[in-house]
Enquirer: 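Below: one structure in structure tokens.
Chain naming here is simple, since letters A, B, ... match the order of the sequence lines and numbering starts at 1 in each.
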There are 2 protein chains.
Amino acid sequence: MTDSNIDLRVIRTKESIRDALIKLIDEKGFEAITVKDITTKAKINRGTFYAHYQDKFDLMKKCEEEIMLELSSIVKTKFPSVMASLKTESAAVQPFPHTVSVFEYLNENSDIMRAVLGPKGDLSFQVRLKEFMWETLYGDNPFAFVKEESLLVPGQYLSSYLGNAMLGVVQQWLNSGRKESPQEMARILTTITANGPLFAAGIKK
Amino acid sequence: MTDSNIDLRVIRTKESIRDALIKLIDEKGFEAITVKDITTKAKINRGTFYAHYQDKFDLMKKCEEEIMLELSSIVKTKFPSVMASLKTESAAVQPFPHTVSVFEYLNENSDIMRAVLGPKGDLSFQVRLKEFMWETLYGDNPFAFVKEESLLVPGQYLSSYLGNAMLGVVQQWLNSGRKESPQEMARILTTITANGPLFAAGIKK
DNA sequence: ATAATAAATAAACACCGTGTTGTTTATTAC
DNA sequence: GTAATAAACAACACGGTGTTTATTTATTAT
């Protein structure tokens, strides 16, 4: 067992498949990709692809599962403390620390993140990511954001509002070239959420 | 010229194609649909389909263009007055009238809206819809929301935040069975936006 | 009503991607 | 070195695509 009982060729093959996938999403969008496209670009035999994955959806799913695991571990380790401070000190103005961590992760993996979250990316992943955010905010966990008695609106809509807003800012950042730093992006997101969009727009005083 | 010089058969054919498309998106998602699926469900010959549309993407595009036109006409007629009142009276608490109109439109066309905006819908349409909202809020038009000098954050991110938040609430409403009335949904959306999500959540006083 | 016309149909076509299978070749672990 | 394993290669039937043909059917204009 040199590395972890895994043949080096497998690693090389899977890496070239993964690289080909990311390039192809950029070029023609996930929808239009064929398995043949992938194997041609990865310079492997088509049969080899089917030895590792069922189809292009299976490949995509396995790439995305890695992302989801890493993202959720970031959130899970840092989110509870954020929620606790929010509830006691009320209305933080500092960027939430877990938000900075998330943007740093997105920044380090920007190639694949831009591919899957971009306009030619994978809708099903975006849906799953939203569901994860929705659950984190509203679902059955002890630190759910939106579980107060004093809600002015139904919690499910507040969760959708916040989750989609945050993801939208992330997508805008990724698609416009990531000119701001993760710290700056976390500040932007926190400012809008803490003060409300109208205040952040300078309309409401 | 009885109606508009168009053969009645064409209308019937196009309607059954459109109905089949909506049903199929519900059943298996846009991505997995084949032209053969559509013609089988619509009970028409496959050649007839190609007499009207290039492929399933062309069909989808033409359905969506109708929606975009109707939606943008609602927004364009009502949005300027909303913006004017917002700027002078500051921070409305009443639902914006154009928001009610949009929800009413979505309610009347809920079958197709749920299909295209749902989790198995068409990503490219959702992207185009967001671009339209982004333009309305931030783009090159006299009533752009996010064009003040006193912005606390870059306008592009504020637009993304708001546009995605609103669309997210709409999708949540459509996917959870439209239990609230359009008026109620407009109130919810306005409340969160005007007061900010943290206030609406009861966290910030 | 009828003739002209437009649309829908059925059948066939080559083309391409799919997913699988059997065989050969290369690499790894022992 | 040898056995085990993975990759490469080639061939296969299958199904959807997009187009074209001749033919039938429905509609329009008169």
Side-chain angles (χ1 to χ4, degrees), chain A residues 1-64 115 120-124, chain B residues 1-64 115 120-124:
Chain A
M1 41 173 169
T2 43
D3 211 6
S4 60
N5 256 343
I6 295 174
D7 196 312
L8 288 178
R9 286 170 298 180
V10 181
I11 300 174
R12 266 191 279 113
T13 301
K14 286 197 172 182
E15 256 173 22
S16 59
I17 288 178
R18 197 192 159 98
D19 290 349
L21 175 69
I22 296 173
K23 280 178 197 158
L24 282 165
I25 292 177
D26 249 354
E27 285 174 23
K28 45 161 60 185
F30 177 66
E31 197 162 37
I33 294 176
T34 66
V35 173
K36 201 158 184 287
D37 288 334
I38 298 170
T39 55
T40 302
K41 176 144 303 208
K43 294 204 244 317
I44 58 158
N45 188 271
R46 207 159 55 83
T48 309
F49 177 92
Y50 287 108
H52 293 289
Y53 305 101
Q54 281 180 13
D55 48 35
K56 69 162 179 166
F57 301 103
D58 184 46
L59 164 64
M60 197 74 208
K61 205 174 147 194
K62 277 166 180 160
C63 286
E64 293 169 349
K120 291 183 293 190
D122 180 15
L123 177 61
S124 79
Chain B
M1 42 174 166
T2 43
D3 211 5
S4 59
N5 259 343
I6 296 174
D7 198 312
L8 287 176
R9 284 169 297 180
V10 179
I11 300 174
R12 265 191 279 114
T13 300
K14 287 196 172 180
E15 254 174 22
S16 59
I17 288 178
R18 197 192 159 100
D19 289 350
L21 176 69
I22 295 173
K23 279 178 198 157
L24 282 165
I25 292 178
D26 247 354
E27 284 174 22
K28 47 158 64 182
F30 176 67
E31 199 161 37
I33 294 176
T34 66
V35 172
K36 200 159 187 288
D37 288 334
I38 298 170
T39 56
T40 301
K41 177 143 301 206
K43 293 203 248 313
I44 58 158
N45 189 270
R46 205 159 56 85
T48 308
F49 177 91
Y50 287 107
H52 293 292
Y53 305 102
Q54 282 180 14
D55 48 36
K56 70 162 179 165
F57 300 102
D58 184 46
L59 164 63
M60 198 73 204
K61 206 174 145 194
K62 277 167 180 162
C63 286
E64 292 170 349
K120 290 184 293 190
D122 180 14
L123 177 60
S124 78

Enquirer: I want to check something: taking the side chain as every heavy atom from C-beta on, are T34(A) and D37(A) in contact at a cut-off of under 4.5 Å?
Expert: yes
Enquirer: Measure NZ/K36(B) against P/dT17(D) and give the value in whole Å, please.
Expert: 9 Å
Enquirer: Cation-pi check, K120(A) to F30(A): give yes when NZ or CZ is under 6.0 Å from the six-membered ring centre and within 45° of the ring axis, no otherwise.
Expert: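 No, K120(A) does not sit over the ring of F30(A).
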Enquirer: Quick check for you: among dA7(D), dT27(D), dT18(C), whose closest atom lies nearest to any side-chain atom of V35(A)?
Expert: dT18(C)
Enquirer: Would I25(A) and M60(A) count as a side-chain contact (heavy atoms from CB on, under 4.5 Å) if you check the C-alpha gap in whole Å, the side-chain angles of each, and the deciding distance to 0.1 Å?
Expert: CA-CA 11 Å; I25(A) 292 177; M60(A) 197 74 208; 3.8 Å; yes
Enquirer: Would you indicate, yes or no, if dA8(C) has its OP1 or OP2 atom less than 4.0 angstrom from a side-chain nitrogen or oxygen of T13(B)?
Expert: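 Answer is yes, contact under 4.0 Å.
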Enquirer: So which one's nearest nucleotide on DNA chain D is more toward 5', K56(B) or R9(B)?
Expert: K56(B)
Enquirer: Hey, which of these two, R12(B) or Q54(B), hits DNA chain D nearer its 5' end, going by closest nucleotide?
Expert: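 Closer to the 5' end of DNA chain D: Q54(B).
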Enquirer: Of the listed nucleotides (dT27(D), dT17(D), dG18(D)), which one gets closest to any side-chain atom of L8(B)?
Expert: dT27(D)
Enquirer: Examine dA7(C): is either OP1 or OP2 under 4.0 Å from a nitrogen or oxygen in the side chain of T48(B)? Give yes or no.
Expert: no
Enquirer: Could you tell me if K62(A) sits above the aromatic ring of Y53(A), with its cationic atom closer than 6.0 Å to the ring centre and no more than 45 degrees from the axis?
Expert: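 Verdict for Y53(A): no cation-pi partner in K62(A).
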Enquirer: Confirm from the modelled atom types if N45(B) and dA10(C) form a donor-acceptor pair under 3.5 Å, side chain to base only.
Expert: yes
Enquirer: Can a side chain N or O of Y50(A) be found less than 4.0 Å away from OP1 or OP2 on dG19(C)?
Expert: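 It does, given that an N or O in the side chain of Y50(A) lies less than 4.0 Å from OP1 or OP2 of dG19(C).
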Enquirer: CD1 of I44(B) versus P of dA8(C): gap in Å, rounded?
Expert: 8 Å
Enquirer: Look at H52(A) and dA7(D) and indicate whether a side-chain polar atom (N or O) is within less than 4.0 Å of OP1 or OP2.
Expert: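 Yes, such a contact exists.
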Enquirer: In whole Å, I'd like the distance from the CG atom of D58(B) to the P atom of dT17(D).
Expert: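 Distance check: D58(B) CG to dT17(D) P gives 14 Å.
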Enquirer: Whole angstrom is fine here: how far is it from CG in D55(B) over to C1' in dC16(C)?
Expert: 15 Å
Enquirer: Round to the nearest Å and state the distance from F49(A) atom CZ to dG17(C) atom P.
Expert: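 Taking CZ of F49(A) and P of dG17(C), I get 15 Å after rounding.
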Enquirer: Grab the CD-C1' distance between E31(A) and dG17(C) for me, whole Å please.
Expert: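 Those two atoms, CD and C1', are 16 Å apart.
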Enquirer: Map A51(B) and G47(A) onto DNA chain C by nearest heavy atom, then report which one ends up closer to the 5' terminus.
Expert: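 Result: A51(B).
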Enquirer: Ignoring hydrogens and geometry beyond distance, is the side chain of R46(A) in donor-acceptor contact with the base of dG19(C) at under 3.5 Å?
Expert: yes
Enquirer: Starting at CD1 of I38(B) and ending at C1' of dG15(D), how long is that distance when rounded to a whole Å?
Expert: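 So the CD1-C1' distance, I38(B) to dG15(D), works out to 16 Å.
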Enquirer: May I have the distance from K43(B) (atom NZ) to dT9(C) (atom C1'), rounded to whole angstrom?
Expert: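 In whole Å, dT9(C) C1' lies 16 Å from K43(B) NZ.
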Enquirer: Crowded around K41(A) NZ? As in, over 12 foreign heavy atoms under 6.0 Å?
Expert: yes
